Amino acid sequence: MSDTRVVVIGGGNAGLSVAGRLKRSGIREVVVIEPREMHVFAPLQSHIAGGAALAEDAVRPQGQVTPRGVQWIRDAAVDIRPEAREVVLASGATVAYDQLVVCPGIQMNWTAVPGLAEAMRTPAGVSNYDLALAAKASPLLRDLRGGTVVFVQAADTTTCPGAAQKPMYLACAWWRAVGVLDRIRVVLVTPEATPHGIPAIDAELQRKIDEYGIEVHYGMHLLSVNPSARMVTIGRGDVTETLSYDVLHAAPPQSAPDWLAATGLAAPASEGGWLRVHPETLQHRDHPDVWGLGDAADTASYRSGGALRRQATVLVRNLLAVSRGQEPRARFDGYSVCPYTVSRRTVVFAEFDRTGRLAPSVPFWRTLFRERRLSWIADRRVLPWVYWHMILKGRA
């Protein structure tokens, strides 16, 4: 088993945590394919946009965070040839594998909404789904003293869709602290019917929405943006509405990477292009030597960074079992989490499974989802340390 060559596509949270676990489990040759030179801790981008963290806190060199003993190929995957057991790189080279783990992350489709990409290039366009735009949002929201701010949440097929709300709550808490909240019209546009989708979580978030006086347009999608006029058009079905803005904070439509959707391993691009894995074992449905986790995999659950720890544990156990000639018996239960930062010092810690039921990580603490200072400490102070020092090394 130690001679098995495992290739991992993607050097983000999912890829490095799996690579670290495999290396610690005795796999001698683990290769990570990742084109980016810098590694970004994406969950911190919400805090950066909301003015509660610095951009440099979220970035470290890729080589520094790659687990010891893992080979890093700085190139991009552009195709997979499962019959030949090889990955094709942008450089034209190929990489052979015995077992393949596919976790390239999610693709931000800024051009899918007319005018959205152009709006992000204006002084008034920001987003916590991009590090540079999150850093741009921080002083813009901090120094605002009046006007209209529109926050747009994307559909539930995106990565942690509720994350679009976090900078909104952080900004509202700041504006209230400096005495200008009553001068700012805060608008949330969401395609969902409620703030989150689970009644207990909805009640916690609705209380904060009412407390801050946020105007919510439920069941509405962003249809287009006119950046020169600072106008957005939202709608559902035949119903449309136009809103003016002074600041636009938007989450873009998202999908699996285009190259992955073009392989025979994924659903068509029209269906999101997600890797076709068994949602519990994380093994590909047609190719037993291919595995997937993270945002690009169809795990039939809420996409979030918080789900990756359990996914990585299950995937590594099953991959090792298959390498030994055994059946994959570990199961991913669809657990996910979205820590809503609802003030500068409190978090609503939403944990749930793929069926939409509450799934607290501390089983006897059934009300762990309630707004708490302790949850903020865990999310803002403890998690980043654990991420850099344990998760990426395959130790947690």
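Quantities reported herein were computed from a predicted structural model and do not represent experimental measurements.
- In the hydrophobic clustering (ILVMFWY side chains linked at under 4.5 Å, chained through shared members), M38 is joined by V40, I48, V59, L131.
- Qualifying salt bridge (Lys or Arg N to Asp or Glu O under 4.0 Å) partners for R176, counting only residues two or more places apart in sequence or in other chains: E211.
- Taking every heavy atom of both residues into account, Q311 and G294 meet most closely at OE1-N, 2.9 Å.
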**T281 vs N318, side-chain hydrogen bond (donor to acceptor under 3.5 Å, both in side chains): CA-CA, chis, key distance, verdict** = CA-CA 7 Å; T281 66; N318 285 337; 5.0 Å; no
**Request:** I would like to know whether L315 and F332 meet side chain to side chain contact (heavy atoms under 4.5 Å, CB included); could you show each step before the answer?
**Result:** CA-CA 8 Å; L315 189 152; F332 171 55; over 6 Å; no
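- Every residue meeting the salt bridge (Lys or Arg N to Asp or Glu O under 4.0 Å) condition with E204, not counting sequence neighbours, appears here in chain and number order: R207, R370.
- Within 6.0 Å of the CD atom in Q64, the count of heavy atoms belonging to other residues, nucleotides or ligands exceeds 12.
- Annotation: side chain of R381 is in contact with side chain of W376 (closest heavy-atom distance under 4.5 Å).
- The closest side-chain heavy-atom distance from P67 to L16 is below 4.5 Å.
- If you chain together ILVMFWY residues whose side-chain heavy atoms come under 4.5 Å of each other, V88 ends up grouped with V78.
- Shortest non-hydrogen contact noted between G292 and V277 is N-CG1, 3.7 Å.
- Linking ILVMFWY residues whenever their side-chain heavy atoms come closer than 4.5 Å, directly or via other members, leaves V239 and I234 in distinct clusters.
- Screening V316, L319, I27 for a side chain to side chain contact (heavy atoms under 4.5 Å, CB included) involving R21 leaves a single residue, V316.
- Panel note: side chain Q45, backbone N128; a donor-acceptor pair is recorded below 3.5 Å.
- Connection of V232 to L223 is not established within any shared hydrophobic cluster, with ILVMFWY side chains joined at heavy-atom distances below 4.5 Å, either directly or through further cluster members.
- Among residue pairs with one or both ends in residues 264-287, those qualifying as ring pair (Phe, Tyr, Trp, His ring centres under 6.0 Å) are H284-H287; sequence neighbours excluded.
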Would you list the atom pairs, donor with acceptor, under 3.5 Å between side chains in residues 183-202 and any protein atom, with sequence neighbours excluded?
{"unit_1": "R185", "atom_1": "NE", "unit_2": "E215", "atom_2": "OE1", "d": "2.9"}
{"unit_1": "R185", "atom_1": "NH2", "unit_2": "E215", "atom_2": "OE1", "d": "3.3"}
{"unit_1": "R185", "atom_1": "NH2", "unit_2": "E215", "atom_2": "OE2", "d": "2.9"}
{"unit_1": "T190", "atom_1": "OG1", "unit_2": "E192", "atom_2": "N", "d": "3.1"}
{"unit_1": "T194", "atom_1": "OG1", "unit_2": "G197", "atom_2": "N", "d": "3.0"}
{"unit_1": "T194", "atom_1": "OG1", "unit_2": "D202", "atom_2": "OD1", "d": "3.3"}
{"unit_1": "T194", "atom_1": "OG1", "unit_2": "D202", "atom_2": "OD2", "d": "3.0"}
{"unit_1": "H196", "atom_1": "ND1", "unit_2": "Y340", "atom_2": "OH", "d": "2.7"}
{"unit_1": "D202", "atom_1": "OD1", "unit_2": "H196", "atom_2": "N", "d": "2.7"}
{"unit_1": "D202", "atom_1": "OD1", "unit_2": "G197", "atom_2": "N", "d": "2.9"}

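- Residue pairs meeting the ring pair (Phe, Tyr, Trp, His ring centres under 6.0 Å) criterion with at least one partner in residues 300-330, sequence neighbours excluded, are Y302-F352.
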Only pairs under 3.5 Å count here: list side-chain donor-acceptor contacts from residues 141-155, not counting sequence neighbours, and write none if there are none.
{"unit_1": "R145", "atom_1": "NH1", "unit_2": "R142", "atom_2": "O", "d": "2.9"}
{"unit_1": "Q153", "atom_1": "OE1", "unit_2": "Q165", "atom_2": "NE2", "d": "2.9"}

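- Here the side chains of T122 and E118 are not in contact, with every heavy-atom distance at 4.5 Å or above.
- Within the 4.5 Å cutoff, the side chain of P257 has heavy atoms near those of the Q107 side chain.
- Residues forming a salt bridge (Lys or Arg N to Asp or Glu O under 4.0 Å) with D286 (at least two apart in sequence, or on another chain): R276.
- Looking at C338 and S304, their side chains never come closer than 4.5 Å, going by heavy atoms from C-beta outward.
- Both L358 and V342 are part of a single hydrophobic cluster, where members link through side-chain heavy atoms under 4.5 Å apart.
- The minimum heavy-atom distance linking Q62 with G11 is given by the pair NE2-O, 2.9 Å.
- Taking 4.5 Å as the limit, every side-chain heavy atom of R309 sits out of range of all side-chain heavy atoms of S17.
- When only modelled atom types and interatomic distance are considered, S228 and N226 share a side-chain donor-acceptor pair under 3.5 Å.
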**Request:** List the steps and the verdict of side chain to side chain contact (heavy atoms under 4.5 Å, CB included) for V6 and V18.
**Result:** CA-CA 10 Å; V6 182; V18 164; over 6 Å; no
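- Of all heavy-atom pairs spanning A359 and Y335, the tightest one is O-CE1, 3.5 Å.
- Checked by atom type, the side-chain pair T233/T240 shows no donor-acceptor distance below 3.5 Å.
- With hydrophobic clusters built from ILVMFWY side chains whose heavy atoms lie under 4.5 angstrom apart, L89 shares a cluster with V290.
- Using a distance-only test at 3.5 Å, with no hydrogens or angles considered, a donor-acceptor pair links the side chain of K136 to the main chain of M120.
- Under a cut-off of 6.0 angstrom, the local environment of CZ in R303 is crowded, with over 12 non-hydrogen atoms contributed by other residues, nucleotides or ligands.
- Looking only at side-chain heavy atoms (C-beta outward), E351 and V362 stay at 4.5 Å or farther from each other.
- The closest donor-acceptor contact from the side chain of Q254 to the backbone of P252 lies under 3.5 Å.
- Across all non-hydrogen atoms, the minimal contact from L275 to L265 is CD1-O, 3.5 Å.
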**Prompt:** Can you list the steps and then say if T341 with Y169 is a side chain to side chain contact (heavy atoms under 4.5 Å, CB included)?
**Reply:** CA-CA 7 Å; T341 310; Y169 299 125; over 6 Å; no
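- The number of heavy-atom neighbours closer than 6.0 Å to CZ of R331, taken from other residues, nucleotides and ligands shown, is above 12.
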Distance-only check: which donor-acceptor pairs under 3.5 Å involve side-chain atoms of residues 93-106, not counting sequence neighbours?
{"unit_1": "D98", "atom_1": "OD2", "unit_2": "R5", "atom_2": "N", "d": "2.7"}
{"unit_1": "Q99", "atom_1": "OE1", "unit_2": "W291", "atom_2": "NE1", "d": "2.8"}

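- Residues N13 and P43 fail the side-chain proximity criterion, which asks for heavy atoms closer than 4.5 Å.
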**Asked** Could you go step by step and tell me if Y245 and V247 meet the side chain to side chain contact (heavy atoms under 4.5 Å, CB included) rule?
**Response** CA-CA 5 Å; Y245 67 85; V247 177; 5.5 Å; no
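- For Y387, the ring-ring contact (aromatic ring centres under 6.0 Å, His included) partners are H39, F41, not counting sequence neighbours.
- The shortest heavy-atom contact between K23 and E29 is NZ-N, 4.3 Å.
- With hydrogens and angles ignored, the 3.5 Å screen pairs no side-chain donor or acceptor of E86 with any backbone N or O of R81.
- For the salt bridge (Lys or Arg N to Asp or Glu O under 4.0 Å) test with D333, the passing option among R354, R357, R310 is R310; the others fail.
- Summarising the local packing, CD of E56 is surrounded by more than 12 heavy atoms from other residues, nucleotides or ligands at distances under 6.0 Å.
- Both V65 and V8 are members of a single hydrophobic cluster when ILVMFWY side chains are connected at heavy-atom separations under 4.5 Å.
- Few gaps surround CH2 on W175; more than 12 heavy atoms of other groups in view lie less than 6.0 Å from it.
- The ring-ring contact (aromatic ring centres under 6.0 Å, His included) test applied to W385 returns H389, not counting sequence neighbours.
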